[in-house]
**Student:** 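Okay, handing you the structure first.
All figures in this text were calculated on a predicted structure; none of them were measured in a lab.
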Amino acid sequence: SYRRRMMPLAVVIAVIGITLTACGSGGTSSATSSTTAGSGPNKKAMAAVLLQVSDLPSGWAESSKPQSSSSDAATKKAAQSIPACRAFVAQADIEKKQTQLSSATFTDPAMPSDAANEASNQVVGYGSEAQAKTAYAAYASSQTSVCLQQVFDNLVKEQVASINAGGGPPATVTAEVQILGVPAAGDATTAYEIVLTIDVAGTTQKIGFVVQIARVGQYVISYNATMYQAAPDKFGQNLVDRSVVRFGAALAA
C-alpha cells in the first residue's frame, strides 16, 4: 500500500535533527535558572520540563514508542561528511556527556498507527550557563539549517533508492528546510521547519517536522513533533510555553 511504502521513509526522517516540535502560535513564556555558573544541573527541576499528557491536545496519549534519538547512527554518519554539520556533530558528541532527561512519546490515537502525529521533548543540563550558551549557539547557527537540509537530502536519496529497488510504483521525495519565527521561550529559542513531500503514483503526502530549541539558563530544551496534518490551534504554545513555565517554577523552588 501507499502507506506501507512510505513509512520506512518517515521513520528514518523522523530521527534526524536536534529535536522536533510542531508549529503553532503561542504566547511568550519565560524562565530563568536560579543555579549559579559552574553548579551542577538540577535534575529534579529538569524532570518538570518534560512533556505531560496535559500539554497535548485532548485525546492524545502516552505511547510505548521510544523517543527518536538525535545520535542515531545513520544521521550521524550522514552529518559527519558534511562541512556545514561540523559544529552540530561536535556539539552532539559533547551533549552525550551531559545530564539528560527525555519525555515519553505522545501520539494522537485518532490517527492511523502508520501515520500518527507524535511529540516528545528532551532537556540537557550543562555544568554552567556559558556551556549551555555554546551548545545553543551551535544549534541556532545559520549553518544548522544548511546542515539539516543536506542531511535530509542525503538520507532521503538513500531511502528512496532502497524502496524503489523493491519494485512497485516509484516514489519521489523532496525535503525543504527553513528557519521559523516562533514566540519567545526561555532565554533564547530558535526553530526549523522541515516539510517532506512524498509522491507515489500521483498520490502526494506531506509530513511536517519542526526543530525547536530553547535555552533556559544552563539548560537546553528541545522539542520533537511529527505532523501528518495541520497542527491544532496553539499546539506549539501548549508544548513549549507550558513546559518552560513549569520548568521555571521548579528551578525557583
**Student:** State, with a plain yes or no, whether a side-chain heavy atom of V195 is found less than 4.5 Å away from one of E193.
**Tutor:**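 Yes, at least one pair of side-chain atoms sits under 4.5 Å.
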**Student:** Begin from the C-alpha positions of Q52 and D55 and carry the test side chain to side chain contact (heavy atoms under 4.5 Å, CB included) through to its verdict.
**Tutor:** CA-CA 5 Å; Q52 302 173 6; D55 297 328; 3.9 Å; yes
**Student:** Do D153 and Q149 pair up side chain to side chain, a donor and an acceptor below 3.5 Å, judged on atom types alone?
**Tutor:** yes
**Student:** Calculate, to the nearest 0.5 Å, the distance between atoms NZ and OG1 belonging to K206 and T174 respectively.
**Tutor:** 6.5 Å
**Student:** Would you mind reporting whether Q218 and S128 have side-chain heavy atoms less than 4.5 Å apart?
**Tutor:** no
**Student:** Look up atom OG in S243 and atom CG in L50, then write down how far apart they are to the nearest 0.5 Å.
**Tutor:** 8.5 Å
**Student:** Taking all non-hydrogen atoms of both residues into account, name the closest pair between V220 and A135 and its distance.
**Tutor:** CG2-CB, 4.2 Å
**Student:** Do you reckon V53 sits in the same ILVMFWY cluster as V240, going by side-chain contacts under 4.5 Å, direct or chained?
**Tutor:**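 Yes, because V53 and V240 connect within a single hydrophobic cluster, where side-chain heavy atoms sit under 4.5 Å apart.
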**Student:** State yes or no: do M111 and I198 share one hydrophobic cluster built from I, L, V, M, F, W and Y residues joined by side-chain heavy-atom distances below 4.5 Å, directly or via other members?
**Tutor:** yes
**Student:** Just how far is it from atom CG of L239 to atom CD of Q212, taken to the nearest 0.5 Å?
**Tutor:**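 That separation rounds to 9.0 Å.
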**Student:** Would a distance-only check, ignoring hydrogens and angles, find a side-chain to backbone donor-acceptor pair under 3.5 Å from R215 to A188?
**Tutor:**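 Checking the backbone N and O of A188 against the side chain of R215, no donor-acceptor pair under 3.5 Å is found.
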**Student:** Side-chain heavy atoms nearer than 4.5 Å, only ILVMFWY residues, links allowed to pass through others: does that put L101 and V244 together?
**Tutor:**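 Looking at the clustering, V244 is in the same group as L101.
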**Student:** Return the CG to OG1 distance between L180 and T189, rounded to the nearest 0.5 Å.
**Tutor:**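 Going from CG on L180 over to OG1 on T189, the span is 10.5 Å.
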**Student:** Could you measure the distance from the CD atom of Q98 to the CD atom of Q91? Nearest 0.5 Å is fine.
**Tutor:** 8.0 Å
**Student:** Hey, can you tell me if F152 and F209 have their rings parallel, tilted or perpendicular (30° and 60° cut-offs)?
**Tutor:** tilted
**Student:** Which pairs, with at least one residue in residues 162-253 and sequence neighbours excluded, count as a disulfide (SG to SG under 2.5 Å)?
**Tutor:** none
**Student:** Kindly indicate whether the side chain of L251, heavy atoms from C-beta on, has any atom under 4.5 Å from the side chain of Y219.
**Tutor:** yes
**Student:** Between I82 and N154, is any pair of side-chain heavy atoms under 4.5 Å apart?
**Tutor:**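 Yes. Closest side-chain heavy atoms under 4.5 Å.
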**Student:** Give a yes or no answer on whether the side chain of D199 reaches the backbone of T172 with a donor-acceptor pair at less than 3.5 Å.
**Tutor:**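 Answer holds: no.
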**Student:** Would I179 end up clustered with I213 when hydrophobic side chains under 4.5 Å apart are linked, directly or stepwise?
**Tutor:** yes
**Student:** Nearest 0.5 Å please: distance from the CD1 atom of I194 over to the CD atom of Q178.
**Tutor:** 9.5 Å
**Student:** Between D93 and A90, is there a donor-acceptor pair closer than 3.5 Å when you use the side chain of the first and the backbone of the second?
**Tutor:** no
**Student:** Checking the side chain of S141 only, and the main-chain atoms of A138 only, is there a donor and an acceptor separated by less than 3.5 Å?
**Tutor:** no
**Student:** Report the relative orientation of the aromatic rings in Y139 and F88; use parallel for angles under 30°, tilted for 30 to 60°, perpendicular for over 60°.
**Tutor:**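 Ring orientation, 0 to 90° scale: perpendicular.
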**Student:** How far apart are the closest heavy atoms of G217 and A132, and which atoms are they?
**Tutor:** O-CB, 3.5 Å
**Student:** Could you give all pairs that pass the disulfide (SG to SG under 2.5 Å) test and reach residues 126-220, with sequence neighbours left out?
**Tutor:**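 Qualifying pairs: C85-C147.
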**Student:** Which atoms form the tightest heavy-atom contact between S142 and S145, and what is the distance?
**Tutor:**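 That closest heavy-atom pairing would be O-OG, 3.0 Å.
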**Student:** Under 4.5 Å between any side-chain heavy atoms of F235 and L56, yes or no?
**Tutor:**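 In contact.
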**Student:** Sub-3.5 Å donor-acceptor pair from the side chain of N121 to the main-chain atoms of L51, do we have one?
**Tutor:** yes
**Student:** Taking all atoms of both residues into account, what is the closest heavy-atom pair of P109 and G59, and its distance?
**Tutor:**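 Shortest heavy-atom contact: CD-O, 3.1 Å.
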**Student:** Taking all non-hydrogen atoms of both residues into account, name the closest pair between D241 and A184 and its distance.
**Tutor:** OD1-O, 4.4 Å
**Student:** For residues E118 and S63, determine if any side-chain heavy atom of one lies less than 4.5 Å from a side-chain heavy atom of the other.
**Tutor:**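 Side-chain contact under 4.5 Å: no.
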